[in-house]
Amino acid sequence: MHDDPAAGRVAGVIVETEAYGGAGDPASHAYRGRTPRNAVMFGPPGHAYVYFTYGMHHCFNVVCGRRGEPAAVLVRALEPVAGLEPMRERRALADVRRLARGPGSLARALGLDRRHDGLDLTRAPLWVADLPARRRGRSVARGPRVGIRVAAERPWRYWLAGSAFVSGSARAASPRDQKLVDTPRAHS
DNA sequence: GTATCGATTAGC
DNA sequence: CTAATCGATACA
């Protein structure tokens, strides 16, 4: 969720992610060590790593490794659940399924940029929360990472199976090429 | 210093 | 398939 001072609260359910490591992952920004851009990846978990790329897009990650052990999860797609109008305005697009599909589109829809790099994701204005119980327990599919030229074969992309809000290659993945991963069920 | 390339997207 | 567009990175 993002409480944006200008647009109010925009929120969605994370439906597609991709994992990146550190020194052992040649596709990771942290592979060659710490730089001003990726410094947050080396900090404590639970913080936002937001980077700028291709001269025009931002991507939003959740830092997951312990302090000094760079690791992050790129949030690749969101099912919008609140703040649909601000998202539509930012994206100049009406179709809810495509509002936050793809990491660049997602960051744009949420209004995220380098100013959000390093924010503590356990509190406002930008945070990640547990799913409500009724959304838990659904099947998660796994497949290769996309958009990278090295180590793409590692099956470190995860998405909500059957979701209309995930990227095209995930929607198109045949059952043969994806593995289903059990997700924790809600407590009683 | 210059050259190359992106954890991408929209459009043809 | 390619253009867009600029910071990070590689290399002389």
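- Formation of a donor-acceptor pair under 3.5 Å by the A:H47 side chain with backbone atoms of A:G118 is found in this model.
- For A:D113 and C:dC6, the CG to P distance is 15 Å, given to the nearest whole Å.
- Across the protein-nucleic acid pair, A:R34 atom CZ and C:dT9 atom P stand 13 Å apart, rounded to whole Å.
- Counting only heavy atoms from C-beta on, A:S105 has its side chain closest to B:dT9 among B:dA7, B:dT9, C:dC6.
- As rounded to whole Å, 11 Å separates atom C1' of B:dT8 from atom NE2 of A:H29.
- Closest to the side chain of A:R149, out of B:dG6, B:dT9, C:dC6, is B:dG6.
- With a 3.5 Å ceiling on both atom-pair distances, C:dT5 lacks any Watson-Crick or G-U wobble partner.
- Proximity note for A:H57 (side chain, C-beta onward) versus B:dG6, B:dT8, C:dA4: the nearest is B:dT8.
- With hydrogens and angles ignored, no donor-acceptor pair under 3.5 angstrom links the side chain of A:Y54 to the base of C:dA4.
- One can place CG of A:N38 at 17 Å from P of C:dG7, the figure rounded to the nearest angstrom.
- The side chain of A:R32 has C:dT9 as its nearest neighbour among C:dT9, C:dA4, B:dA7.
- Contact annotation for A:R157: no contact, since no heavy-atom pair falls under 4.0 Å across all strands.
- The aromatic rings of A:Y54 and A:H57 sit perpendicular to each other, their planes meeting at more than 60°, with 30° as the lower class boundary.
- Ring to ring, A:H116 and A:H58 are not that close: their centroids are 6.0 angstrom or more apart.
- Between A:Y31 atom OH and C:dA10 atom P the separation is 11 Å, expressed in whole Å.
- Protein atom CZ of A:R101 is 15 Å distant from nucleotide atom P of B:dT8, rounded to whole Å.
- The side-chain ring of A:Y20 is stacked on the base of B:dA7, judged by centre separation under 5.5 angstrom and plane angle under 30 degrees.
- With distances taken from any side-chain atom of A:M56 to the nucleotides C:dA8, B:dT8, C:dT5, the minimum falls on C:dT5.
- Nucleotide B:dT9 holds its C1' atom 14 Å from the NE2 atom of A:H58, rounded to whole Å.
- Using a 4.0 Å heavy-atom distance criterion, A:G104 is classed as a sugar-phosphate-only contact.
- Within the nucleic acid shown, A:I148 comes within 4.0 Å of sugar-phosphate atoms alone, with no base atom in reach, counting heavy atoms only.
- Judged by closest nucleotide on DNA chain B, A:E18 is the one of A:R91 and A:E18 placed further toward the 5' end.
- Taking atom CZ on A:R37 and atom C1' on C:dC6, their separation rounds to 12 Å, with Å as the unit.
- One finds a salt bridge joining A:R76 and A:E18 here, because a Lys/Arg side-chain nitrogen approaches an Asp/Glu carboxylate oxygen to under 4.0 Å.
- The CZ atom of A:F165 lies 13.0 Å from the CD atom of A:E16; values are rounded to the nearest 0.5 Å.
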